[in-house]
Student: 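Okay, handing you the structure first.
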2 protein chains.
Amino acid sequence: MTNKSTFIVADDHPLFREALIHAIGNCVEDADIIEADSLDTLQAVVEGNPEADLLLLDLNMPGVSGFSALAYIRSKHESLPTVIVSAMDDPAVIRRSIQHGASGFIPKSSAISTLEAGIRAVLDGEVWVPDGINLQDDRLDSEEAEIAAALSSLTPHQFRVLMMLGEGLLNKQIAYQLGVSEATIKAHVTAILRKMHVNNRTQAVLAVERLRTSTLPVAETDSSANAAT
Amino acid sequence: MTNKSTFIVADDHPLFREALIHAIGNCVEDADIIEADSLDTLQAVVEGNPEADLLLLDLNMPGVSGFSALAYIRSKHESLPTVIVSAMDDPAVIRRSIQHGASGFIPKSSAISTLEAGIRAVLDGEVWVPDGINLQDDRLDSEEAEIAAALSSLTPHQFRVLMMLGEGLLNKQIAYQLGVSEATIKAHVTAILRKMHVNNRTQAVLAVERLRTSTLPVAETDSSANAAT
DNA sequence: TGCCGGATTCGACTATTGGATAATGGTCAG
DNA sequence: CTGACCATTATCCAATAGTCGAATCCGGCA
């Protein structure tokens with residue numbers, strides 16, 4: 001029992017899941033593999049297997065945007081090492097992944113041997129990123145950290161509803177898709193707005209969007225304000 | 001008259017505007033310079049000077065997100081060459097700028113001589129981008145092109161309102177800031193939703209967000225897979 | 001001058017959203 | 001078992017959002 005490892009592979013692309021599973025097979029013997037191809041299944045699988053040894057997570061699953069799922073899952077399951085497997089190999093994305101709690105980042109363009117090396121390293125407790133990526137001192141943008149903290153305070157249902165808000169759905173549509181009454185969704189939305197410290201759904205969606213990918217450029221922050229007149 | 005050039009410099013950072021103006025002075029004699037530091041002033045200036053020779057536009061002005069302003073202004077003033085001057089020097093951003101109609105892209109980190117070279121090249125009718133950037137065949141993402149097309153169908157007021165929706169403002173707040181009644185804003189919003197082919201403000205905001213910066217990763221399309229087996 | 005079309009404006013009406021409160025049932029930890 | 005928290009639903013109410021029709025303004029243009 002104790003030496004049988006459990007892996008969760010979350011990616012909406014079946015062929016890619018297969019590739020990942022194959023690579024895992026080369027890293028450990030006798031591994032339990034659980035697959036997820038959507039936010040729904042991912043949540044169910046993670047909740048149902050809190051003792052899993054590793055989560056391989058695609059940054060882009062249907063129903064989840066950018067770092068939201070990573071930040072959320074990490075906050076709920078701190079003992080579950082998570083490796084991001086993404087088509088983006090932008091250094092900024094890699095750094096932000098680690099800052100949001102990932103234990104590794106493996107570009108989808110990696111060679112199989114690289115992929116396996118990454119998995120092994122993380123299983124050994126290391127933080128693994130591609131060669132040439134400098135993690136050093138830079139910290140998570142404070143605004144982004146606040147949003148991540150707010151996300152971590154959400155319940156699983158609330159998180160799911162928030163992601164659906166992020167698709168521009170009406171309460172009524174969300175209620176239908178989740179099979180509950182509109183009143184329930186309204187209660188969730190109210191709770192979400194409170195926890196995210198915003199006043200309406202549009203602002204909640206904008207907050208989530210900031211965890212998507214590019215916190216724009218360098219945001220001139222400093223400077224003035226005077227400009228106005 | 002005819003040989004006096006008019007330049008529009010749009011950037012919210014006064015010091016940087018000054019630097020740009022100085023560089024322009026080294027490129028042409030006797031130039032009329034008009035400055036803009038916000039979406040409001042930019043719109044006013046562009047509308048009021050349709051015969052300007054060149055627009056130097058920052059990608060990040062308060063009140064405008066990413067490529068929205070570029071796409072919009074280009075569609076309304078096709079004869080106004082526009083050069084993006086941005087702190088981002090990501091090749092993808094440069095390519096998308098050109099795809100959205102810019103005649104050039106000059107990183108803010110450029111040497112002054114480079115900046116001037118870029119301005120001269122564009123004034124000569126060329127398309128100028130930093131060395132090493134390959135513009136080649138790739139086309140604008142079709143979804144992004146649809147959004148840009150929708151933006152180009154908006155009236156100036158509608159565009160301004162849409163950008164304010166993008167900040168999560170209420171109709172009431174927008175009405176106050178623009179000095180009109182809430183009913184007017186509601187009418188604008190309705191028109192915007194129609195033209196953008198969406199059902200509510202949140203979806204409109206999400207569409208605009210897609211022109212912000214990173215059309216996420218490479219959208220799995222191709223590949224994948226092979227890595228496997 | 002006078003007409004046309006689009007942009008802008010606005011009020012009235014309806015739909016959706018946001019917020020407060022309350023009640024029920026399930027789960028989990030102490 | 002009991003209390004704490006979550007999910008669910010309902011009801012009621014106030015605020016916001018969105019639609020429709022209409023008046024006004026404004027820049028061409030015959």
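So that the names make sense, note that chain A is the first sequence line, chain B the second, and so on, each numbered from 1. Values in this document were obtained by computation on a predicted structure and should not be read as measured data.
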Student: Donor-acceptor check, side chain of Lys195(A) to backbone of Ser153(A), threshold 3.5 angstrom: yes or no?
Tutor: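 Yes, because the side chain of Lys195(A) sits within donor-acceptor range (under 3.5 Å) of the backbone of Ser153(A).
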Student: Of Val9(A), Leu42(A), Thr6(A), which meets side-chain contact (heavy atoms from CB on, under 4.5 Å) against Leu55(A)?
Tutor: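 Exactly one candidate clears the test, Leu42(A).
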Student: Answer yes or no: are there more than 12 heavy-atom neighbours, outside Glu47(B) itself, under 6.0 Å from its atom CD?
Tutor: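 Above 12, so yes.
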Student: Indicate yes or no: does Asp141(B) engage Arg210(B) in a salt bridge with an N to O separation below 4.0 Å.
Tutor: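 Salt bridge: no.
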Student: Verify the contact: side-chain N or O of Lys172(B) to OP1 or OP2 of dA15(D), cut-off strictly under 4.0 Å; return yes or no.
Tutor: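 For dA15(D), neither OP1 nor OP2 has a side-chain N or O of Lys172(B) closer than 4.0 Å.
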Student: What is the distance from NZ of Lys186(A) to P of dC13(D), rounded to the nearest Å?
Tutor: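 In whole Å, dC13(D) P lies 13 Å from Lys186(A) NZ.
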Student: Nearest whole angstrom, please: distance from the C1' of dG18(D) to the NZ of Lys195(B).
Tutor: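 Those two atoms, NZ and C1', are 17 Å apart.
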Student: So what does Ala187(A) touch, heavy atoms closer than 4.0 Å: a base, only the sugar-phosphate, or nothing?
Tutor: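 Touches a base.
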Student: Base, sugar-phosphate alone, or nothing: which one does Thr190(B) contact when heavy atoms must sit under 4.0 Å apart?
Tutor: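 Base contact - Thr190(B) has a heavy atom under 4.0 Å of at least one base atom.
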Student: Taking only side-chain N and O atoms of His188(A), does any of them lie within less than 4.0 angstrom of OP1 or OP2 on dC6(D)?
Tutor: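 The answer is no; no side-chain N or O of His188(A) sits under 4.0 Å from OP1 or OP2.
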Student: Of the nucleotides dG19(C), dT9(C), dC20(D), which has the atom closest to the Arg194(B) side chain?
Tutor: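 The answer is dC20(D).
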Student: Within the 4.0 Å heavy-atom criterion, would you say Thr184(A) contacts the bases, only the backbone, or no part of the nucleic acid?
Tutor: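 The residue Thr184(A) makes base contact.
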Student: To the nearest Å, give me how far apart CG (Asn171(A)) and C1' (dT16(D)) are.
Tutor: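 For the pair Asn171(A) CG and dT16(D) C1', the rounded distance is 13 Å.
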Student: Does a side-chain N or O of Ser181(A) approach OP1 or OP2 of dT9(D) to a distance below 4.0 Å, or not?
Tutor: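 For Ser181(A), the contact criterion (side-chain N or O under 4.0 Å from OP1 or OP2 of dT9(D)) is met.
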Student: Return whichever of Leu178(B) or Leu170(A) has its heavy-atom-nearest nucleotide of DNA chain C closer to the 5' end.
Tutor: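 Its nearest nucleotide being more 5', the pick is Leu178(B).
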